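Below: one structure, written as structure tokens.
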Amino acid sequence: MALKIERTDARTWPDEHLKELFSEGFPEFITADRLVKDYIGRVGEWFADLNLMLINEHDVPVASGWGVPIHWDGLPETLPTGYSQALVRAVEGREQDVKPDTLVICGAIVTPALKGHGLAGEILEALRQTARDAGWSQVIAPVRLRFPLLAGQLDTGTVGPGGSSHR
């Protein structure tokens, strides 16, 4: 399958393509959280370059992923406490001209019929590459409303319990 990456806002996507891609809906922590509703508009406007689509050879989106930039000192105790906190830190950081150094991956989704074909890894790698291109040295992801599933330094390999890195 020949794949390419595009920003989600690069074009208007046919409704039937988006309906299939997002057919499993969004978790309640995204749709029901009042704090998310207060920040998500600014996130979409200010960080559109971090909202990506993986497109197949038929020009159909088969995966999507997005994130927000934050400044993080690398200490586990200063990680955002979860998804909502990451959005708040990204928006407020931008409003206060705080220079980001970390990408928080907020979501990634694969068309249900194509799960198990490595597309999640492809969209996550595209987000990691976007972070590298921006000069950010760290990529992190809240998992089930908590951290730290860490990608750590972009070149360190996997991160084990307690944040220790392994090659």
Side-chain angles (χ1 to χ4, degrees), residues 1-15 17-22 24-27 29-31 33 35-74 78-111 114 118-143 147-156:
M1 181 182 317
L3 300 169
K4 62 183 176 180
I5 295 292
E6 287 187 26
R7 283 178 48 158
T8 299
D9 65 354
R11 60 172 126 164
T12 301
W13 302 96
D15 286 342
H17 293 168
L18 296 180
K19 197 175 281 189
E20 180 168 351
L21 178 59
F22 296 105
E24 293 181 339
F26 295 97
F29 70 88
I30 293 175
T31 59
D33 188 326
L35 196 56
V36 170
K37 292 175 184 175
D38 291 343
Y39 284 83
I40 201 70
R42 286 174 283 178
V43 166
E45 178 183 344
W46 293 344
F47 310 122
D49 58 323
L50 301 175
N51 191 344
L52 306 177
M53 289 279 204
L54 186 63
I55 312 305
N56 71 10
E57 67 274 9
H58 304 291
D59 237 18
V60 175
V62 294
S64 179
W66 67 284
V68 294
I70 65 168
H71 177 78
W72 178 49
D73 60 14
T78 60
L79 282 166
T81 56
Y83 176 81
S84 300
Q85 178 73 39
L87 300 185
V88 170
R89 282 183 51 182
V91 168
E92 291 180 357
R94 183 181 186 278
E95 290 173 340
Q96 298 165 10
D97 292 321
V98 175
K99 184 179 179 194
D101 60 4
T102 302
L103 174 66
V104 180
I105 296 175
C106 294
I109 192 166
V110 173
T111 296
L114 296 173
L119 299 177
E122 294 282 342
I123 195 69
L124 293 174
E125 179 53 36
L127 288 164
R128 288 180 63 196
Q129 185 60 53
T130 301
R132 281 192 290 270
D133 292 347
W136 304 330
S137 60
Q138 304 171 114
V139 175
I140 59 178
V143 177
F147 284 88
L149 174 62
L150 303 175
Q153 297 294 332
L154 290 173
D155 62 347
T156 61

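Nothing here was measured: the structure is a model prediction, and the numbers come from that model.
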Measure across [X] and [Y] and return the closest heavy-atom pair with its distance rounded to 0.1 Å.
| X | Y | result |
| --- | --- | --- |
| Ala86 | Val104 | CB-CG1, 3.8 Å |
| Val68 | Cys106 | CG2-SG, 3.8 Å |
| Tyr83 | Val36 | CE2-CG2, 3.5 Å |
| Ala131 | Leu103 | CB-CB, 3.9 Å |

Is the closest side-chain heavy-atom distance between [X] and [Y] below 4.5 Å?
| X | Y | value |
| --- | --- | --- |
| Arg128 | Glu125 | yes |
| Pro80 | Ile140 | yes |
| Leu119 | Leu3 | yes |
| Ile5 | Ile123 | yes |
| Leu52 | Leu127 | yes |
| Trp13 | Leu21 | no |
| Asn51 | Phe47 | no |
| Asp49 | Thr130 | no |

Residues forming a side-chain hydrogen bond (donor to acceptor under 3.5 Å, both in side chains) with Asp133, sequence neighbours excluded: Gln129

For Arg11, side-chain hydrogen bond (donor to acceptor under 3.5 Å, both in side chains) partners two or more places apart: Glu6, Asp59

Please round to the nearest 0.5 Å and tell me the distance separating atom CH2 of Trp72 and atom OG1 of Thr78. 6.5 Å

Rounded at 0.5 Å granularity, tell me how far OG1 in Thr81 sits from CZ in Arg89. 9.0 Å

With Pro61 as reference, evaluate Thr111, Thr8, Ile55, Leu54 under the side chain to side chain contact (heavy atoms under 4.5 Å, CB included) test and give the passing residue. Ile55

Partner of Val139 under side chain to side chain contact (heavy atoms under 4.5 Å, CB included), chosen from Ile105, Thr102, Leu124: Ile105

Derivation of the side chain to side chain contact (heavy atoms under 4.5 Å, CB included) call for Val110 and Glu122: CA-CA 10 Å; Val110 173; Glu122 294 282 342; over 6 Å; no

All N/O donor-acceptor pairs, side-chain side in residues 91-100, below 3.5 Å, sequence neighbours left out:
residue: Glu92; atom: OE2; partner: Tyr39; partner atom: OH; Å: 2.8
residue: Glu95; atom: OE2; partner: Arg42; partner atom: NH1; Å: 2.9

